[in-house]
2 protein chains.
Amino acid sequence: MTVGIKDVARLAGVSPATVSRVLAGRAVDSDMQERVLAAVKSTGYRPNLSARRLRSQHSNTIGLIVADIRNPFFTAVSRTIEDVAYARGMRVILCNTDEDPAKEEMYLRLMQEERVTGAILAPTRRGVEKVDAIPKDFPIVLIDRAGTSRQHDSVLLDNHAMAALLVRHLHEQGYRRIAGLFGAASTTGAERRAGYEQAMAQLGLDPEAVLVDHAPGAAEAAVARLLQATSRPEALIASNGVMLTRVLHAVRDMGLVIPGDVALAGFDNEPWMELVGDGLTVIEQPVAEIGRTAMTMLLDRLDHPDAAARRIVLDGRCLVRGSSTPIRRTSAAA
Amino acid sequence: MTVGIKDVARLAGVSPATVSRVLAGRAVDSDMQERVLAAVKSTGYRPNLSARRLRSQHSNTIGLIVADIRNPFFTAVSRTIEDVAYARGMRVILCNTDEDPAKEEMYLRLMQEERVTGAILAPTRRGVEKVDAIPKDFPIVLIDRAGTSRQHDSVLLDNHAMAALLVRHLHEQGYRRIAGLFGAASTTGAERRAGYEQAMAQLGLDPEAVLVDHAPGAAEAAVARLLQATSRPEALIASNGVMLTRVLHAVRDMGLVIPGDVALAGFDNEPWMELVGDGLTVIEQPVAEIGRTAMTMLLDRLDHPDAAARRIVLDGRCLVRGSSTPIRRTSAAA
DNA sequence: AATTTATGAGAAAACGTTTTCTAATAGCCA
DNA sequence: TGGCTATTAGAAAACGTTTTCTCATAAATT
């Protein structure tokens, strides 16, 4: 019942090939073109993209695999990627791994079965080890996390440096006992932790890094444990925006005030972060640039399949706000 | 170069049809099955989903068209829809209209060309008028906005009642001059405005509704205009979460405090909303239930194409927080 | 003016599957 | 034991396009 290219051709009195050519915008007799366009309109013909993809062997689709679209960082990056893609006539398939390597593997397989033109992937910590096993003829750009893999293109934040920057900022404000909460399931967490520990060591401070699960409630529990200890930290660092939100909740629930009882700083800027209290000090990531760069790299890769893999490392901005005002010590200094 | 079902068949010494049957999990000789599976593994065969869809005539894909995935309401709903869909072996194509009817139309056309099994759509205000023109054989569920269309299934919030609820709450707290900011491009905004106006009228109050564009900066400008007027409103209502955030920003930028200078309430709950000041009073939508219901309706529709269209209206919860504490009048009462 | 080259249209093949159709074998009942 | 049915596998058609191939006609070159 559905109208196909043959029906259009018959109505217009031309061959299917001609209809295809008209639709592809290639040179045809203007009279025929007119008849074809009229026939398309009158039949309400809609090309079947599956058939088109099967025959033409390119999908014009890219896969986007992130941990969780509810994380505003990924939301923002995704949005940019989609806009660029659709502007180029490409579709995007979006998948959430929930930091689960099994899901990630399944979605990567799905992408191959969809014969996507390429994929943009934020791999899980365990997934990043397997990423080098992906066939070279499957173009991939890693975002946000790349681990040690140098085989694929990647666009990353300078996590190490940014975490260190945060530590030094807190140190300058007079904080000494600075604890850090880092995501356990992502390489991002690991890198930020390393930056944190190195900066702490350089300043002669004792690092206290906590690895936090992706599971709900984990961050809250970690905060409670930290702040109920005998020598409570003077400041907390949260390694991403979602965790920062949870830490904030947990601190409030304990009846503590920021920064009076404990200072707070973290990663990822969101519109509300300057509204809570006197604002939250954060490292803002260049989300739009990350998305745009990833798409550009992917398209470049398609043009030059054999070029060497590139790694682009971007810097964030440290937005200093009220949650890290200079410390006011109540008793003896450290 | 890519390995197809024929290659697998040749290696396993069976016909392509048999390979297809094994992969579909249908009954075959166990010896052959074993050989096929071995051949699949050794060749690294990946089925071509385009070919499969073309031949089998079902795409196992649903389209999801929302205004903007960066709006946390849509993010949350999308996430639920995706989870349900993938659990059923279906894919989701996600598109953002940016409240632009032209984009919406284009994406609806795209969905038809993809031969999606069905679509879930949050139509723009102008798009909702055209939605009845969509062929009946294209299953659609409208979410969040349905206007007067009764031809398609829909799952909605009781916008009228919820807006009225917010008005009555503010009235109970002692507020009288209550202004509302409503999205100009969505039917949601229109319905909430109607509820607001009716409730205001019933309480004998003068409504002051402002229609706010989707464009950036529009909400801020509207707030500035309202609060600089000679008789400044005592309370503001924002018709969705994004607008609420912007209103909050604007109020803060003017150096006013909430609720001391002006009270604030709105729609859509987000994790941070209990953290800013003494919390924001909002109507929380049952986002997960909306997503789940939409998917269920869509799947039902596929089973019963000729059943009458259903409209499911859900209630939200009013979360009372600090931004609407009882008014303390400085001078004479109204 | 004759030959080559360029252009454009139709016929038919091809893309990689699933499904229908046909045939063969095994199992069952009388 | 003979015929009938049920089951399973292979051959071939089909899905709706694009693209290659072939041919005819027009344009260009010598």
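Chain naming here is simple, since letters A, B, ... match the order of the sequence lines and numbering starts at 1 in each.
The nucleotide whose nearest atom lies closest to any side-chain atom of A/S15 is, among D/dC15, D/dT19, C/dA11, C/dA11. Closest to the side chain of B/T2, out of C/dT17, C/dG16, D/dG10, is C/dG16. Proximity note for A/T18 (side chain, C-beta onward) versus C/dT20, C/dG10, D/dG16: the nearest is C/dG10. Distances from the side chain of A/Q57 to the nucleotides C/dC15, C/dT18, D/dG10 place C/dC15 closest. When distances are taken from the side chain of B/R52 to each of C/dA9, C/dC15, C/dT18, the shortest belongs to C/dT18.
Judged by distance alone with a 3.5 Å cut-off, no donor-acceptor contact links the side chain of A/R26 to the base of C/dG8. A donor and an acceptor atom sit less than 3.5 Å apart, one in the side chain of A/R55 and one in the base of D/dT18.
Looking at heavy-atom distances under 4.0 Å, A/R53 makes no contact with the nucleic acid at all.
Here the P atom of nucleotide D/dA11 and the CZ atom of B/R10 are 13 Å apart, to the nearest Å. Following rounding to the nearest Å, A/Q112 (CD) and C/dG16 (P) show an atom-to-atom distance of 16 Å. A straight line from CD of A/E114 to C1' of C/dT17 spans 14 Å, rounded to a whole angstrom. Residue B/E113 contributes atom CD, which lies 10 Å from atom P of D/dT17 at whole-angstrom precision. Between the NZ atom of B/K6 and the C1' atom of C/dT18 there is a distance of 13 Å, given to the nearest Å.
The pair A/D98-B/R79 meets the salt-bridge criterion, since a charged nitrogen lies less than 4.0 angstrom from a carboxylate oxygen.
Between B/S20 and C/dT18 there is a side-chain polar atom (N or O) within less than 4.0 angstrom of OP1 or OP2.
In terms of heavy-atom proximity, A/R53 sits nearest to A/S59 at CD-CA, 3.3 Å.
Both B/A17 and B/A51 sit near DNA chain C, but only B/A51 has its closest nucleotide nearer the 5' end.
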